[in-house]
Amino acid sequence: MSLGFILTSIEQGLIYGIMAIGVYITFRILDFADLTVDGSITLGAAISSHMIIANFNPFFTLIVATVGGAISGSITGFLNTKMKIAPLLSGILTMTSLYSINLRIMGRPNIPLISDITIFDLFYLPFIPTRYQDFILILFIVIMVLILLILFLKTKLGYALRATGDNPNMVRSMAIDTKKIKMIGLIIANSFVALSGALICQYQGFADISMGIGTIIAGLASVIIGEVLIGKKSFYFIVPGIILGSIIYRGSISFALMSGFAASDLKLLTALIVIFFLSAPRLKSFLGGTFNA
Amino acid sequence: MLKLINISKTFNIDTLNQTKALININLEVKNGDFITIIGGNGAGKSTLLNSIAGVFKPTEGNIILSKKNITDLPEYKRANFIGRVFQDPLMGTSPEMTIEENLSMALNKKSSLSLKWAVNKRKREIIKDHLSEINLGLENRLETKVKLLSGGQRQALTLLMATIIEPDILLLDEHTAALDPATAIKINELTENIISNHNITTLMITHNMKAALRFGNRLLMMNRGKLLLDIDGKTKENMTINHLLEIFQKKHKEGFYNDRSILSLA
Ligand SMILES: Nc1ncnc2c1ncn2[C@@H]1O[C@H](COP(=O)(O)OP(=O)(O)OP(=O)(O)O)[C@@H](O)[C@H]1O
Ligand SMILES: [Mg+2]
């Protein structure tokens, strides 16, 4: 395994980790199985790539993409809280509509960013070897996102978000509108997902209409791996743990591809990885009994 | 201060399961009243409190709290003036959050949801003070997740959360029923202390006739969706459990034979 291979896996893991944190917010904190993600990640890429070929500042495109994600989250929230459509279906409806919308935004199924200027072209730190430049920029963005999220979770609104997923009855008796909180949670989560999508297209050098397929499973896999690794701790540890989970997940996928699996095997592999990590606690006690419960 | 005007609640209207849980209830609760409510299973006691709390809209009638008509106000908005403790100790707290986090949400009840820190030094002190008042040693366990607490500790915490910002009215629905007898007595005493210290207007459902007679200044008995009995403090003082049982049986029979609408449900 080369250094380049490891570095690429880590970089991918970090970028997709932002998406995984979005999944964590809906699935775990809010207890809302939100499938918007497959669409909002592509939305982020569609907005960013379209703006980049129109010569916008690539950093600015990240902001617009994030806002796009926020809007898509609010639509799922609207369908669920106002139209009373079930969470799963609300997400699927938004995700499906986003496919057409993304195609509209992109104008074609694939936008390559070959000679266009991305954030990775604009960022340069002196005295740092070229091969680490991307890594540092990505790490910086991810750390910013982590800090913002952790600080947010300590605010009044953050507490309300955590309690809503845990016991909505208690939240209502604390005079808080759980519907509003769900809405806010979906908005934040899909903002992260779209930001991740925008970063992905700039990192890999293209946006593709079908790049979002299977995102939700990858996100869940990262969340689960992170949780198994970190254990039952407070969110200060879990949130960075999910980024770690995402890195391990991307690493496993790259490793599998390198060892001869076809790209079409990835879905099966992902499922196997999730199953492995879900059953890890059982396997441990099964094999040795040294694992403390 | 609280007025129920001709409140009825029918569940599953126009289906085979149609249930008249409340039938034309009229009730006026005065400021500072501590009312205990008794009645058999399915009498409509919880439905009464749920209507007041806004869990659902009554089929008929109006609810007036502190001169405001709150009949159409959603549950979460009413919570600004209403404190609740439920029978199930799991209902009132967020198990994955710590004692401090739970209480801070209660402390922030009336302030707007914002991006301000949920807890600060001053709030932590307030929380600690209140916790030490209830004498369970919880003031030293601020960082403990609530899911690790016993049922009694949770009910004590929920009670504190319901009253830390003084509500206009406190609703207790058999909040000691899930506890062992010794703990139930403790929580009942704590309840009594908090209510009398702050003079909080309270409705308390209980299955325990002794508690119903001992606590409060007024007693209501419900049966089949109706108020059977409304006893004031003086009369209550001289009553025994046997009295209550007698009255209940007598009224129960009368109701059973006289009220056709109920008969058709039975
Ligand atoms: N959400 C609901 N949907 C349908 N029926 C309900 C609902 N809640 C209560 N009921 C019915 O309304 C009637 C009154 O129920 P309620 O829970 O108010 O009784 P209760 O006096 O609190 O009884 P208990 O002492 O057993 O708690 C019962 O027949 C019950 O089955
Ligand atoms: Mg009840």
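Order of the sequence lines sets the chain letters (A, B, ...), proteins ahead of strands, with each chain counted from 1. Hydrogens, waters and symmetry mates are skipped; everything else that's a heavy atom, side chains included, is used.
Residue-environment remark: NZ (A/Lys179) stays at or below the threshold of 12 foreign heavy atoms within 6.0 Å. For A/Phe237, the CZ atom is loosely surrounded, since the number of other residues' heavy atoms within 6.0 Å does not exceed 12. Around CZ of A/Phe140, the count of heavy atoms belonging to other residues, nucleotides or ligands within 6.0 Å does not exceed 12. The number of heavy atoms from other shown groups lying within 6.0 Å of NZ (A/Lys182) does not exceed 12.
Among B/Lys77, B/Glu101, B/Arg84, the residue with the largest count of heavy-atom pairs under 4.5 Å with chain A is B/Glu101. Interface check for chain B: of the options A/Lys154, A/Lys180, A/Arg172, the most heavy-atom pairs under 4.5 Å are formed by A/Arg172. In terms of non-hydrogen atom pairs under 4.5 Å with chain A, the most contact-rich of B/Lys145, B/Arg78, B/Lys110, B/Met91 is B/Met91. If you tally non-hydrogen atom pairs under 4.5 Å between each of A/Leu157, A/Ile176, A/Thr164, A/Asp177 and chain B, the highest count goes to A/Asp177.
Taking each heavy atom of B/Glu75 and A/Asn169 in turn, the nearest pair found is OE2-OD1, 4.4 Å. A/Ala163 approaches B/Met105 most closely through the heavy-atom pair CB-SD, 3.7 Å. Taking every heavy atom of both residues into account, A/Ser173 and B/Ala79 meet most closely at O-CB, 3.5 Å. Summarising the geometry of B/Leu90 relative to A/Asn167, their closest heavy-atom pair is O-ND2, 3.1 Å, with the distance given to 0.1 Å. What you find for A/Asp166 and B/Ser94 is that their closest heavy atoms are OD2-OG, 2.5 Å.
Side chains of A/Ile181 and B/Leu113 form a contact here, defined as non-hydrogen atoms less than 4.5 Å apart. Taking the side chain as every heavy atom from C-beta outward, B/Tyr76 and A/Thr178 never approach each other to under 4.5 Å. Contact check for A/Tyr159 versus B/Asn108: no side-chain heavy atoms found under the 4.5 Å cut-off. Between B/Met97 and A/Arg162, some side-chain heavy-atom pair lies under the 4.5 Å cut-off.
Proximity to chain A (any heavy atom under 4.5 Å) is restricted, for B/Ser112, to the backbone atoms N, CA, C and O. With a 4.5 angstrom heavy-atom cutoff, B/Thr93 touches chain A only via backbone atoms. With a 4.5 angstrom heavy-atom cutoff, B/Phe86 touches chain A only via side-chain atoms. Proximity to chain A involves both the backbone and the side chain of B/Lys116, based on heavy atoms less than 4.5 angstrom apart. Of the two parts of A/Leu151, the backbone and the side chain both hold a non-hydrogen atom closer than 4.5 Å to a non-hydrogen atom of chain B.
Remark: the backbone N or O of A/Ala175 is not paired with any side-chain donor or acceptor of B/Asn80 at under 3.5 angstrom.
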| field | Working for side-chain hydrogen bond (donor to acceptor under 3.5 Å, both in side chains), residues B/Ser104 and A/Lys156 | value | CA-CA 9 Å; B/Ser104 75; A/Lys156 289 188 203 175; over 6 Å; no
| Intermediate values then yes/no, side-chain contact (heavy atoms from CB on, under 4.5 Å), A/Met170 and B/Thr158 | CA-CA 9 Å; A/Met170 171 269 204; B/Thr158 311; over 6 Å; no
